[in-house]
Amino acid sequence: MSFRHLVLVVAIALGVAGCSTPAPAPPPAPSGPHATVGSLRLPLPPGAAYTEHSPDGLLDGCISEGTAVCEARVLDLRKADPEAPINLPSTKRPFGWYTGTDLPTCITPASPPGKAAPATGSTLVDSGFAPIGPKKAEYGRWKVTCENSAQNNQVRMWWLPTSRILVVQYGSFPGWDAKMDNLLAGATFS
């Protein structure tokens with residue numbers, strides 16, 4: 001190859017490189033209220049708040065809206081106390097959304113942690129995988145019976161075992177289920 005041909009090849013390569021389309025910019029982070037838990041960024045509905053840490057620890061990770069003190073919890077289990085006994089979330093056990101080793105209480109939007117009656121039973125009614133943003137989470141829905149039958153409810157869970165992020169929705173009902181599904185669909189990860 002002659003020097004003239006080499007210069008022509010380099011000029012063409014530089015011209016093609018100059019005409020190429022730059023890589024697309026990443027989508028902007030959602031604006032407005034949000035919860036950041038581990039690598040998860042979760043947009044919140046207008047008027048909702050996320051309590052990362054509460055003074056008594058009972059409302060850690062709670063999403064609240066209106067008069068509901070804790071409609072859902074979003075927790076990073078990598079931050080759990082390594083000395084505390086823990087049950088990892090699983091649809092293979094009756095109280096699979098509950099990470100404690102005792103019996104859970106019947107948390108509902110009207111009966112927040114610390115004010116809820118003890119649970120007396122739990123039956124898995126739906127399981128599989130459901131999305132959290134671009135990821136698929138282990139999903140389960142349980143019918144929960146409570147010592148105070150007025151607090152009987154359904155609990156939904158999404159578990160990302162690699163990220164160790166747990167999302168639990170208390171007091172499941174159609175309007176909040178749809179809102180929670182939309183909220184989780186808008187999730188992004190860093």
Side-chain angles (χ1 to χ4, degrees), residues 29-89 95-119 122 130-133 135 137-142 144 146 148 150-151 153-161 163-190:
S31 61
H34 68 277
T36 300
V37 179
S39 61
L40 170 69
R41 181 180 167 99
L42 195 60
L44 298 177
Y50 174 72
T51 305
E52 186 174 353
H53 300 289
S54 65
D56 59 7
L58 292 175
L59 300 177
D60 287 358
C62 280
I63 296 174
S64 59
E65 186 177 27
T67 60
V69 176
C70 191
E71 291 175 305
R73 283 182 114 164
V74 184
L75 301 168
D76 180 354
L77 294 186
R78 292 175 299 165
K79 292 185 176 183
D81 179 355
E83 301 298 318
I86 187 171
N87 278 317
L88 289 178
F95 297 104
W97 76 93
Y98 183 65
T99 59
T101 56
D102 56 348
L103 284 177
T105 57
C106 289
I107 299 169
T108 70
S111 55
K115 296 185 178 163
S122 173
I132 297 181
K135 297 187 179 195
E138 180 181 355
Y139 171 80
R141 177 191 296 264
W142 288 263
V144 180
C146 308
N148 174 353
Q151 293 178 357
N153 65 74
Q154 291 192 16
V155 173
R156 296 171 74 199
M157 173 204 78
W158 295 259
W159 167 237
L160 294 167
S163 306
R164 294 182 64 93
I165 293 174
L166 172 65
V167 179
V168 178
Q169 175 192 342
Y170 302 112
S172 170
F173 57 90
W176 179 236
D177 287 359
K179 189 185 301 185
M180 191 72 186
D181 292 343
N182 287 334
L183 180 130
L184 292 174
T188 57
F189 292 85
S190 57

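Quick caveat, the model's predicted, so the values are computed rather than measured.
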>> Is the shortest side-chain heavy-atom distance between Leu184 and Pro131 below 4.5 Å?
In response: no
> Quick one: does Leu42's side chain get under 4.5 Å of Ile63's, heavy atoms only?
Replying inline: yes
> Which residues pass the side-chain hydrogen bond (donor to acceptor under 3.5 Å, both in side chains) test with Tyr50, sequence neighbours left out?
Replying inline: none
> With a 4.5 Å heavy-atom cut-off, do Ile165 and Ser39 have their side chains touching?
Replying inline: yes
> Can you tell me how far SG of Cys106 sits from CG of Asn148, rounded to the nearest 0.5 angstrom?
Replying inline: 8.0 Å
> Can you find a pair of side-chain heavy atoms, one from Val155 and one from Pro104, that are under 4.5 Å apart?
Replying inline: no
> What's the spacing between Glu71 CD and Ile107 CD1 if we round to 0.5 Å?
Replying inline: 13.0 Å
> Closest approach of Gly38 and Asp76, non-hydrogen atoms and distance?
Replying inline: CA-OD2, 3.4 Å
> What's the spacing between Asp181 CG and Ile132 CD1 if we round to 0.5 Å?
Replying inline: 10.5 Å
> When you look at Leu166 and Met157, which way does the side-chain contact (heavy atoms from CB on, under 4.5 Å) test go after all the steps?
Replying inline: CA-CA 7 Å; Leu166 172 65; Met157 173 204 78; 3.5 Å; yes
>> Applying salt bridge (charged side-chain N to carboxylate O under 4.0 Å, His left out) as the test, list every pair that has at least one member in residues 166-177; sequence neighbours left out.
In response: Arg141-Asp177, Arg156-Asp177
>> With heavy-atom distances below 4.5 Å as the criterion, would you say the side chains of Leu75 and Val37 are in contact?
In response: no
> What is the distance from atom CZ of Phe189 to atom OG1 of Thr36, rounded to the nearest 0.5 Å?
Replying inline: 11.5 Å
>> Rounded at 0.5 Å granularity, tell me how far CH2 in Trp159 sits from CG in Leu88.
In response: 5.5 Å
> Hey, is the main chain of Cys146 close enough, under 3.5 Å, to the side chain of Gln151 for a donor-acceptor pair?
Replying inline: no
> Hey, what do you get for CD (Gln169) to CH2 (Trp176), rounding to the nearest 0.5 Å?
Replying inline: 6.5 Å
> With the threshold set at 4.0 Å, does a side-chain nitrogen-carboxylate oxygen contact exist between Glu65 and Lys179?
Replying inline: yes
>> Closer than 3.5 angstrom, by distance alone: can the side chain of Asn87 be matched with the main-chain N or O of Gly100 as a donor-acceptor pair?
In response: yes
> Among all residues two or more places apart in sequence or in another chain, which pass the ring-ring contact (aromatic ring centres under 6.0 Å, His included) test with Trp97?
Replying inline: Phe95, Trp142
